[in-house]
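In this text the structure is predicted, and so the values were computed from the model without any measurement. In what follows, residues are counted from 1 in the order of the sequence shown.
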Amino acid sequence: MANIAKLFTVRANTLLQAAARQPQVATRFSSTANNWEFIKTEVTGEKNNVAVITLNRPKALNALCNGLMKELSTALKAYGKDANISAIVLTGSEKAFAAGADIKEMAPNTYSQCIQGNFLNDWTEVARTQKPIIAAVNGYALGGGCELAMMCDIIYAGDKAKFGQPEIALGTIPGAGGTQRLTRVVGKSKAMEMCLTGNMINAQEAEKVGLVSKVIPADQLLGEAVKLGEKIGTHSNLIVQLCKEAVNIAYETTLEEGLKFERRTNHATFSTADRKEGMQAFVEKRPAKFTSE
Ligand SMILES: CCCCCCC/C=C/C(=O)SCCNC(=O)CCNC(=O)[C@H](O)C(C)(C)COP(=O)(O)OP(=O)(O)OC[C@H]1O[C@@H](n2cnc3c(N)ncnc32)[C@H](O)[C@@H]1OP(=O)(O)O
C-alpha cells in the first residue's frame, strides 16, 4: 500500500508539472473561424473562458458518424490545451443531444472490420479530456448519445430530455459505456432494465436515479450550463483538474486506494501557488487571484 501511495504522489506531482507547462495562449476556436461540418464551436462567458461545442447534424438527429466524432475530438483536444478555457459545455439541438451512433454508417461493418479497425476506440476523447465537461442534454440522448453524455463530468438535462440504451432492439449491445458507466451510476437493476428493454427514461427519472444532476426548462438549459462552467472557472484551473481526477478515481479503484490518492493529491496542492493564494485571500477577506501555478 505504501507503494501505491508513492505512485499516487508521483502521478499527482507529474500532473502538476504538466499542467504548469501548458501554453498560456493557444489556438482559439469559434464557430466562424473553423470550417466544421458536423459541430459548431464558440467561446463564451463573462470572462470568455467557457467553450461551447454544439453537435450540428440536425437532419440525422445528431447521429454520431465518424466525421462528427473526429471533429469533436479535434475541438476537445484544442480546448484541452487552451489555458484560457476553464470548462467545456457539450450540447446538441432541442430535439436531440444525439440519437446514437450512425446506424446507417455502421450497418455494413463486419466482425473482422470491427476487431481489426478497433471500432469505437477513437471515439472516447471526451472521457480523456482533463478539463471539466458539462453535457447540456435536450431531447434524445440514445445509445452512443447517452454514452457520450455519461463520458462528461456533469449532466444537466432539459425537461423534455430522454435517455436510453436502445442497442438491444438493433441486435447489438452498447459499446462505449452503456453497460458499464450506466450501471455504476444508476445501479444494476435500472441499468439492466434500460439495456435489456431499450426503454427510455425521461429527464425527471434520470435525475431521480442520479444520471443527471439537474433538470432545467429546455430553453434555459444552455445558459445554466454555461453559468455552471463560469462558476467552475472562478476557481484555479490547475486545482480543478486535480479535483476532477480525484473524483474519477472513485470509479476505478477501491475505497482505500481512492482515499490514499485523494490524500496525496490534497498534499500536492500544498506545493502550488494557487493553494497559497486561495488561503491567503480567505484570511485577507478578498477574492482569490488564481494563476494555475
Ligand atoms: C461517444 C461514443 C459513442 C460510441 C457508440 C457506441 C455504439 C453505439 C451504438 C448506438 O448508438 S446504436 C443507435 C442507438 N440509437 C437508436 O437506436 C435510435 C434510433 N433513432 C430512433 O429511434 C428515432 O430516430 C428517434 C430518436 C426515436 C426519433 O424518431 P423520429 O420519428 O422523431 O425521427 P426519425 O424520422 O426516426 O429520424 C429523423 C432522421 O434521423 C435519422 N436518424 C435518427 N437516429 C439515427 C441514428 N442513430 N443513426 C442514423 N440516422 C438516424 C433518421 O433515419 C431520419 O433520417 P431519414 O432516414 O429520414 O433521412
Side-chain angles (χ1 to χ4, degrees), residues 28-45 50-80 82 85 87-106 120 122-129 131-167 174-178 181 200 203 206 211-212 216 218-226 228-229:
R28 315 212 79 204
F29 282 75
S30 76
S31 47
T32 49
N34 287 278
N35 244 349
W36 303 119
E37 187 180 352
F38 301 112
I39 63 171
K40 288 194 232 165
T41 55
E42 65 174 317
V43 173
T44 186
V50 179
V52 178
I53 303 177
T54 306
L55 306 181
N56 183 33
R57 215 191 154 202
K59 285 189 186 144
L61 303 186
N62 292 331
L64 307 170
C65 59
N66 268 313
L68 185 152
M69 293 312 293
K70 270 193 191 133
E71 288 188 1
L72 179 58
S73 288
T74 303
L76 284 169
K77 279 184 191 148
Y79 287 134
D82 187 335
I85 296 298
I88 300 163
V89 173
L90 179 61
T91 193
S93 69
E94 200 177 326
K95 176 148 186 192
F97 176 72
D102 188 321
I103 300 168
K104 294 167 192 166
E105 188 179 75
M106 79 181 150
L120 301 176
D122 300 334
W123 287 31
T124 53
E125 187 60 32
V126 174
R128 285 193 287 266
T129 305
K131 290 191 178 160
I133 308 190
I134 301 149
V137 176
N138 267 326
Y140 296 110
L142 302 179
C146 187
E147 292 171 318
L148 183 62
M150 287 191 290
M151 286 178 201
C152 298
D153 300 305
I154 299 170
I155 307 179
Y156 272 10
D159 52 2
K160 302 281 180 335
K162 285 198 160 79
F163 298 83
Q165 297 291 160
E167 290 90 340
R181 288 195 178 93
M200 300 179 209
L211 181 58
V212 313
I216 292 162
D219 58 346
Q220 293 163 32
L221 176 69
L222 185 57
E224 290 300 312
V226 168
L228 177 65

Using the rule given for side chain to side chain contact (heavy atoms under 4.5 Å, CB included), can you reason through Ile154 versus Leu228, listing the C-alpha separation, both sets of side-chain angles and the distance that settles it, and then say yes or no? CA-CA 10 Å; Ile154 299 170; Leu228 177 65; 3.9 Å; yes
Please table the atom pairs, donor to acceptor, closer than 3.5 Å between any side-chain atom in residues 93-101 and protein atoms at least two apart or in another chain.
residue : atom : partner : partner atom : Å
Ser93   : OG   : Lys95   : N            : 3.3
Ser93   : OG   : Ala96   : N            : 3.0
Ser93   : OG   : Ala96   : O            : 3.2

Salt bridge (Lys or Arg N to Asp or Glu O under 4.0 Å) against Glu167, all qualifying residues, sequence neighbours excluded: none
Check whether any side-chain heavy atom of Tyr140 lies under 4.5 Å from a side-chain heavy atom of Asn62, and answer yes or no. no
Which residue pairs pass the side chain to side chain donor-acceptor pair (under 3.5 Å) test when at least one of the two sits in residues 148-164, sequence neighbours left out? Asp153-Lys244
Separation between CD1 of Ile39 and OG1 of Thr74, rounded to the nearest 0.5 Å: 7.5 Å
In the structure I gave you, are the side-chain heavy atoms of Thr54 and Leu90 within less than 4.5 Å of one another anywhere? no
With heavy-atom distances below 4.5 Å as the criterion, would you say the side chains of Cys65 and Met69 are in contact? no
With sequence neighbours excluded, residues passing side chain to side chain contact (heavy atoms under 4.5 Å, CB included) with Ile103: Met106, Leu170
What is the distance from atom CG of Leu55 to atom CG of Leu61, rounded to the nearest 0.5 Å? 12.0 Å
Sorted by chain and number, sequence neighbours left out, side chain to side chain donor-acceptor pair (under 3.5 Å) with Glu71 holds for none
Out of curiosity, Lys70 NZ to Phe38 CZ, how far, rounded to the nearest 0.5 Å? 10.0 Å
Applying side chain to side chain contact (heavy atoms under 4.5 Å, CB included), run through Val126 and Cys152 and close with a yes or a no. CA-CA 6 Å; Val126 174; Cys152 298; 3.9 Å; yes
Using side-chain heavy atoms (C-beta onward) and a distance below 4.5 Å, is Val89 in contact with Ile53? no
Nearest heavy-atom approach of Ala203 to Ala157 is CB-CB, 4.2 Å
Hey, mind stepping through Trp123 and Asn66 against side chain to side chain contact (heavy atoms under 4.5 Å, CB included) and telling me if it holds? CA-CA 8 Å; Trp123 287 31; Asn66 268 313; 3.2 Å; yes
Would you give the length of the straight line joining atom CD1 of Ile88 to atom OG1 of Thr41, rounded to the nearest 0.5 angstrom? 11.0 Å
What closest approach, in Å, do Arg181 and Ala127 show between heavy atoms, and which atom pair accounts for it? NH2-CB, 3.6 Å
Hey, are the side chains of Val43 and Ile85 touching, using non-hydrogen atoms and a 4.5 Å cut-off? yes
Check: Ala176 main-chain N/O paired with Glu147 side-chain donor or acceptor under 3.5 Å: yes
Hey, could you give me the CG/CG distance between Asn56 and Leu68, rounded to the nearest 0.5 Å? 9.0 Å
Roughly how far, to the nearest 0.5 Å, is the CD atom of Gln165 from the CG atom of Leu142? 8.5 Å
Side chain to side chain donor-acceptor pair (under 3.5 Å) partners of Arg57, counting only residues at least two apart: Asp102
Is there a donor-acceptor contact under 3.5 Å from the side chain of Thr91 to the main chain of Ala136? yes
Checking the side chain of Thr124 only, and the main-chain atoms of Leu120 only, is there a donor and an acceptor separated by less than 3.5 Å? no
